[in-house]
Amino acid sequence: MIMEEGGGASYISDQQDNDGYVSQTQHHHHLHLHSSTKTVTSLQSNTPDLLIPLSTRSSSAGMSGRKKLRTVSHETYRSTPPEPDVISELPDDIVLLILTKLSASASTVSDFVCLLVTCKRLNRLAMSAAVLRELSGEAMAVKARSWSESSHRFLRLCVQSGNVEAHYVLGMIRFYCIGNRSCGMSLLAKAAMRNHAPSLYSLALIHFNASGKSKGEKDLESGVALCARAAYLGSIDALRELAHSLLDGYGVRRDVSRGRRLLLQAALLELQASKVSGSLAALHRPDAAHRFMRQWFETRRISTASACSGDRNSAGDGDGSVGLRLCSNEVCGRIETRANEFRRCSVCSSVNYCSRACQALHWRSRHKDVCAPNGEALDVAEVAEGGGPADAANVDFNGGFNVG
């Protein structure tokens, strides 16, 4: 028994040893699993949810992981510093200089409007006097059908800023369209004093035609002087008008040879300018003021025709524009300020012009192909008004002038 007991004792002790080894092995295994679990948990807490293998995520753990991912991503986005705004860091002086250059080179109204709608700062700076003073005439090209008090106020703001083109555009609109003759002439005179050639030429035609006055109040000498100044500043139309005044002795002593030299000089300047602009049509493209006046005339004529069709006894809209004519030259928008103010073609009597320059341009571009005698006798009263000898015009254009 002792041996058995001894053997049993030894067996029991061996079993205990085996059990101790197994329990120790299991303890180490549990420790390893516990450390692995802690490692996975730490990885789950520090690693984005997308990087954790799919097998290690349960449905609940995945939901909490996605929520934590969104929270962490949003906080990370908030903590990221924004990119620096270079324009906002620029001083106002530099931004004003840039806006001034852009406004001076703007070719359409939308170019300037894009500056106004960019941001509040650019809107504030673009409406400053320094920018409006250099705004181009094309950026102020208001359409007649869109004319309103706000557009009128914008042009007045440009005038107050000292913009020469605004003086010219608003002066032409007020004189020929709105009917405010004195204010229109005042604006044109202010632009002319700053050597604006189109304003000088427009004032010359006003004096030649006695626009806004009676036909006996023509000031031919002033018209010739203004034409000479505008021609000196580079106006081809003014140079051609001055040449015909010399040929006709209209407001100046007649000098045929000098008039022909000026006509030749005007043709050479026109040829050079057309090469620069690309074509003769691009050179004689109407400016913003003349486009507005032609649109204004067409709009008023349509409204007057509608009123007359609605009421046979109606004489129009009461503004005195019924029966007044528009210059037949497509690039000119001048409107008569009284009946029979513009000259008519002495051959066909179907077209009329505000100046000899418009007659010359329209004759070469279109009218010489359609002009033909109509066989009708001229009204004696129309000829008596006088606007320069028709024979002198016939010498240069094959189609002369008649007043009325």
Side-chain angles (χ1 to χ4, degrees), residues 137 168 172 188 191-192 195-209 220-287 289-290 327-334 342-347 351-369 371 387-401:
Y168 168 68
M172 295 287 282
L188 290 174
N195 293 329
H196 189 255
S199 298
L200 286 164
Y201 180 58
S202 296
L203 286 175
L205 295 186
I206 290 174
H207 286 291
F208 277 140
N209 299 326
L220 304 183
E221 291 77 10
S222 297
V224 171
L226 290 168
C227 262
R229 181 62 180 171
Y232 174 77
L233 294 174
S235 174
I236 299 176
D237 291 336
L239 182 60
R240 185 173 285 116
E241 189 75 21
L242 180 62
H244 287 294
S245 297
L246 290 170
L247 288 172
D248 301 343
Y250 191 62
V252 68
R253 182 187 300 176
R254 187 176 183 183
D255 191 343
V256 177
S257 60
R258 187 180 179 188
R260 289 177 178 174
R261 286 198 303 269
L262 290 182
L263 280 179
L264 181 58
Q265 183 181 354
L268 292 176
L269 290 176
E270 189 177 52
L271 180 60
Q272 294 174 357
S274 63
K275 290 182 178 180
V276 174
S277 59
S279 64
L280 191 62
L283 174 64
H284 293 289
R285 182 175 178 268
D287 56 22
H290 286 279
C327 181
S328 298
N329 184 18
E330 291 85 356
V331 300
C332 178
R334 292 181 179 86
F342 291 166
R343 301 173 180 88
R344 292 188 307 181
C345 177
S346 63
V347 178
V351 292
N352 49 88
Y353 306 101
C354 66
S355 63
R356 293 168 176 80
C358 284
Q359 196 271 348
L361 182 61
H362 191 245
W363 173 261
R364 290 180 304 167
S365 63
R366 179 171 300 182
H367 187 56
K368 67 180 179 181
D369 298 328
C371 183
D391 295 337
N394 286 330
V395 171
D396 297 299
F397 305 126
N398 299 322
F401 280 125

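Positions are given from 1 along the sequence.
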Within this structure, what is the [atom1]-[atom2] distance for the pair [X] and [Y], rounded to the nearest 0.5 Å?
X	Y	atom1	atom2	answer
Arg229	Ser235	CZ	OG	12.5 Å
Arg260	Leu246	CZ	CG	12.5 Å
Leu361	Asp237	CG	CG	7.0 Å
Ile236	Tyr201	CD1	OH	11.5 Å
Leu242	Ser245	CG	OG	6.0 Å
Leu263	Leu239	CG	CG	8.0 Å

Quiz item: side-chain contact (heavy atoms from CB on, under 4.5 Å) with Leu205: which of Ser355, Cys332, Cys327, Cys358?
Solution: Ser355

Practice problem: Please determine which of Gln265, Lys275, Arg240 meets the side-chain contact (heavy atoms from CB on, under 4.5 Å) test together with Glu270. | Solution: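 Only match with Glu270 under side-chain contact (heavy atoms from CB on, under 4.5 Å): Arg240.
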
Quiz item: For Leu233, does its backbone N or O pair with a side-chain atom of Asn195 as donor and acceptor, under 3.5 Å?
Solution: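 Such a contact is absent between Asn195 side chain and Leu233 backbone.
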
Quiz item: So, Ser328 side chain and Asn352 main chain: donor-acceptor pair closer than 3.5 Å or not?
Solution: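 Yes, because the side chain of Ser328 sits within donor-acceptor range (under 3.5 Å) of the backbone of Asn352.
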
Quiz item: Does the side-chain contact (heavy atoms from CB on, under 4.5 Å) test come out yes or no for Asp287 and His290, once each step is laid out?
Solution: CA-CA 6 Å; Asp287 56 22; His290 286 279; 2.9 Å; yes

How close do [X] and [Y] get, counting heavy atoms only, and between which atoms?
X	Y	answer
Cys354	Asn209	O-ND2, 3.1 Å
Leu262	Ala243	CB-CB, 3.6 Å
Gly251	Leu220	CA-CB, 3.6 Å
Cys227	Phe208	SG-CE1, 3.9 Å
Ala192	Leu200	CB-CD2, 3.5 Å
Ala191	Ser199	CB-OG, 3.3 Å

Quiz prompt | His244 vs Glu241, side-chain contact (heavy atoms from CB on, under 4.5 Å): CA-CA, chis, key distance, verdict | solution = CA-CA 5 Å; His244 287 294; Glu241 189 75 21; 5.7 Å; no

Practice problem: Run the numbers on Arg334 and Ser202 for side-chain contact (heavy atoms from CB on, under 4.5 Å), then give the verdict. | Solution: CA-CA 9 Å; Arg334 292 181 179 86; Ser202 296; 3.1 Å; yes

Quiz prompt | Set of side-chain contact (heavy atoms from CB on, under 4.5 Å) partners for Glu330, sequence neighbours left out | solution =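 Expected list: His362, Arg366.
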
Quiz item: Knowing that exactly one of Arg254, Arg253, Arg356, Arg343 qualifies, which makes a salt bridge (charged side-chain N to carboxylate O under 4.0 Å, His left out) with Asp248?
Solution: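 That would be Arg356; it is the only one of Arg254, Arg253, Arg356, Arg343 passing the salt bridge (charged side-chain N to carboxylate O under 4.0 Å, His left out) with Asp248.
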
Self-check item: Audit row: Leu226, Ile206, side-chain contact (heavy atoms from CB on, under 4.5 Å) steps and yes/no
Solution: CA-CA 10 Å; Leu226 290 168; Ile206 290 174; over 6 Å; no

